[in-house]
There are 2 protein chains.
Amino acid sequence: MQKQAKAVFEQYLSKKNLKATHQRNLILETFLKTEKHLTHEELYEIVKKKDKSIGQTTVYRTLKLLVESDIAREVDFGDRIVRYEHKCCHIHHDHLICMHCKKTIEIVDSQIEELQESIAAKYGFVLVDHNMSLYGICNDCFK
Amino acid sequence: MQKQAKAVFEQYLSKKNLKATHQRNLILETFLKTEKHLTHEELYEIVKKKDKSIGQTTVYRTLKLLVESDIAREVDFGDRIVRYEHKCCHIHHDHLICMHCKKTIEIVDSQIEELQESIAAKYGFVLVDHNMSLYGICNDCFK
DNA sequence: CTGTTCGATGAAATTAAATTTCAATTTCGG
DNA sequence: CCGAAATTGAAATTTAATTTCATCGAACAG
């Protein structure tokens, strides 16, 4: 899975005549290892522990490249802060977010996906992407 | 429908010991008349034509009040710009957005709503709100 | 190898939008 | 009407995203 993402990234870089640098490799590896939704600053904090010389701008720009190469996806849980999640080699999922404790649960539901496709088709749209976020209160917080 | 929204707003204001001012009334009326998704700046431009003395801060703040009183809803179509749409007296709808011409279509689909409820229930969540945006290319742009 | 070119990098500056501040003004209950 | 408390508008601030620019480094030709 990680190997696949690395291969995709390499291909993307060479297609665009971009260079495979030490920084980009380290940032991609670090990104692949995290399973949470991180902002570019949060990823920068982790990357910095492995290589103090890497700047936050590079992390920011590399994440943009990961999005362009379909390895990452930008998500926004309603607070207008951009977070990144894995896209490559994962099936699409939606999010269930607790408005109280901010816990997020990833949902995979093929019925939803099918419905979305059929709605788009009904209006003559070719569906490219979508996001669905459900906001509520989780069991723990409801007590 | 507009009367209903105005009554809701009045009630909200008095409940919170806030005052019913000329500006708030005009902003609410103007908001109710627009059927598009506007930013606070865009709404300000329209309101200004009716009363030059109103400031954009007041429009911004009044929109926040409309959200609190459930008359309006904030939406974000992926560009991190907050737009406002009617919520009171409308059933919930989702959005289909053309990534090319930016056209947005409002979708009402009870099957989706039901599925969302049942997913939330499955994970022990009480659903409060949700947003679903489908991004694609419309018929016209596809040619 | 090694020089050269062009993309990459990092710190700092800039942009863009949201939000807050504050002095002056307005509302509304008494 | 009066006065306390909320509101207003302009301007300032905050916050996150994005760009700039002076080096630096990768990779390729020779």
Side-chain angles (χ1 to χ4, degrees), chain A residues 9-31 37-69 72-85, chain B residues 6 9-31 37-69 72-84:
Chain A
F9 193 47
E10 263 179 45
Q11 252 184 40
Y12 179 79
L13 292 178
S14 86
K15 190 179 77 188
K16 293 271 179 174
N17 275 86
L18 302 174
K19 289 168 183 170
T21 65
H22 157 65
Q23 287 94 330
R24 284 175 179 165
N25 288 333
L26 181 58
I27 292 165
L28 172 58
E29 268 177 33
T30 309
F31 173 71
H37 304 97
L38 299 179
T39 64
H40 65 90
E41 295 251 348
E42 287 165 345
L43 185 60
Y44 165 62
E45 291 302 324
I46 299 172
V47 167
K48 204 166 54 171
K49 287 180 192 156
K50 301 183 186 172
D51 182 341
K52 270 201 287 191
S53 70
I54 290 184
Q56 64 93 12
T57 316
T58 302
V59 174
Y60 170 79
R61 282 187 285 224
T62 303
L63 279 166
K64 289 283 175 192
L65 288 178
L66 296 183
V67 170
E68 286 168 31
S69 56
R73 167 198 301 278
E74 297 186 342
V75 290
D76 174 357
F77 295 146
D79 54 4
R80 256 153 289 122
I81 294 175
V82 177
R83 290 161 200 283
Y84 295 85
E85 67 176 19
Chain B
K6 284 185 194 175
F9 194 46
E10 264 177 46
Q11 252 184 42
Y12 180 78
L13 291 179
S14 86
K15 190 178 76 187
K16 292 271 179 175
N17 275 85
L18 303 175
K19 287 167 184 171
T21 65
H22 158 66
Q23 288 95 328
R24 285 176 178 164
N25 288 333
L26 181 59
I27 292 164
L28 173 57
E29 269 177 31
T30 309
F31 174 71
H37 305 97
L38 300 179
T39 63
H40 66 89
E41 295 252 348
E42 287 165 345
L43 186 61
Y44 165 63
E45 290 303 324
I46 299 172
V47 167
K48 203 166 55 174
K49 286 180 193 154
K50 302 185 186 171
D51 182 342
K52 271 201 289 193
S53 70
I54 290 184
Q56 63 94 13
T57 315
T58 303
V59 174
Y60 171 80
R61 282 186 285 221
T62 302
L63 280 166
K64 289 284 177 193
L65 288 179
L66 296 183
V67 170
E68 286 168 30
S69 56
R73 168 198 300 277
E74 298 187 341
V75 290
D76 174 356
F77 295 145
D79 54 6
R80 258 154 287 123
I81 294 175
V82 177
R83 290 160 199 284
Y84 295 85

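Numbers restart at 1 for each chain; the letters A, B, ... are given by sequence-line order, proteins then strands.
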If you take any heavy atom closer than 4.0 Å to DNA chain D, which residues from residues 40-48 of chain A end up in contact?
A:His40

Residues passing the salt bridge (Lys or Arg N to Asp or Glu O under 4.0 Å) test with B:Glu45, sequence neighbours excluded, are B:Lys48

Suppose we screen for side-chain contact (heavy atoms from CB on, under 4.5 Å). Which residues come up paired with A:Leu13, at least two apart in sequence or across chains?
A:Phe9, A:Leu18, A:Ala20, A:Arg24, A:Leu65

Counting only pairs under 3.5 Å, give me each side-chain donor-acceptor contact of residues 52-62 of chain A, with atom names and distances, residues two or more places apart or in other chains.
| unit_1 | atom_1 | unit_2 | atom_2 | d |
| --- | --- | --- | --- | --- |
| A:Ser53 | OG | A:Asp51 | OD1 | 2.7 |
| A:Thr62 | OG1 | A:Thr58 | O | 2.7 |

Among all residues two or more places apart in sequence or in another chain, which pass the ring pair (Phe, Tyr, Trp, His ring centres under 6.0 Å) test with B:His37?
B:Phe77, B:His95

Counting only heavy atoms not in B:Lys16 (residues, nucleotides, ligands), do more than 12 fall under 6.0 Å from its NZ?
no

Residue pair A:Leu66, A:Phe31: steps toward the side-chain contact (heavy atoms from CB on, under 4.5 Å) verdict
CA-CA 10 Å; A:Leu66 296 183; A:Phe31 173 71; 3.9 Å; yes

Any chance CD of B:Gln11 has more than 12 other-residue heavy atoms, nucleotides or ligands included, within less than 6.0 Å?
no

Using a 4.0 Å heavy-atom cut-off, write out nucleotides 25-30 of chain C from 5' to 3' as B (base contacted by protein), S (sugar-phosphate only) or - (no contact).
--BS--

Please list, by residue number, the residues of residues 52-62 of chain A whose heavy atoms come closer than 4.0 Å to an atom of DNA chain C; answer none if no residue qualifies.
A:Ser53, A:Ile54, A:Gly55, A:Thr57, A:Thr58, A:Arg61

For DNA chain D, whose closest nucleotide is more 5', that of B:Asn17 or that of B:Arg80?
B:Asn17

Outermost nucleotides of DNA chain D that come under 4.0 Å of a non-hydrogen atom of chain B:
D:dA5 to D:dT18

Go through B:Ile46 and B:Leu38 one step at a time and tell me if the side-chain contact (heavy atoms from CB on, under 4.5 Å) criterion holds.
CA-CA 10 Å; B:Ile46 299 172; B:Leu38 300 179; 3.8 Å; yes

Roughly how many Å is it from NZ in A:Lys64 to P in C:dA8, rounded to a whole number?
17 Å

How about B:Tyr84 and B:Glu74: do any of their side-chain heavy atoms sit closer than 4.5 Å?
yes

Check every strand shown and say whether B:Lys16 touches a base, only sugar-phosphate, or nothing at a heavy-atom separation below 4.0 Å.
nothing

If the condition is side-chain contact (heavy atoms from CB on, under 4.5 Å), which residues does A:Asp79 pass it with, not counting sequence neighbours?
A:Asp76, A:Ile81, A:Arg83

Qualifying residues under salt bridge (Lys or Arg N to Asp or Glu O under 4.0 Å), relative to A:Glu41, sequence neighbours excluded
none

On a heavy-atom basis, which atom in B:Leu26 and which in B:Thr30 lie closest, and how many Å separate them?
O-OG1, 2.7 Å

Estimated bend of the helix from C:dC1-D:dG30 to C:dG30-D:dC1 (axis per five terminal pairs, rounded to 10 degrees):
30°

Residues which pass ring pair (Phe, Tyr, Trp, His ring centres under 6.0 Å) with A:Tyr44, listed by chain and number, not counting sequence neighbours:
none

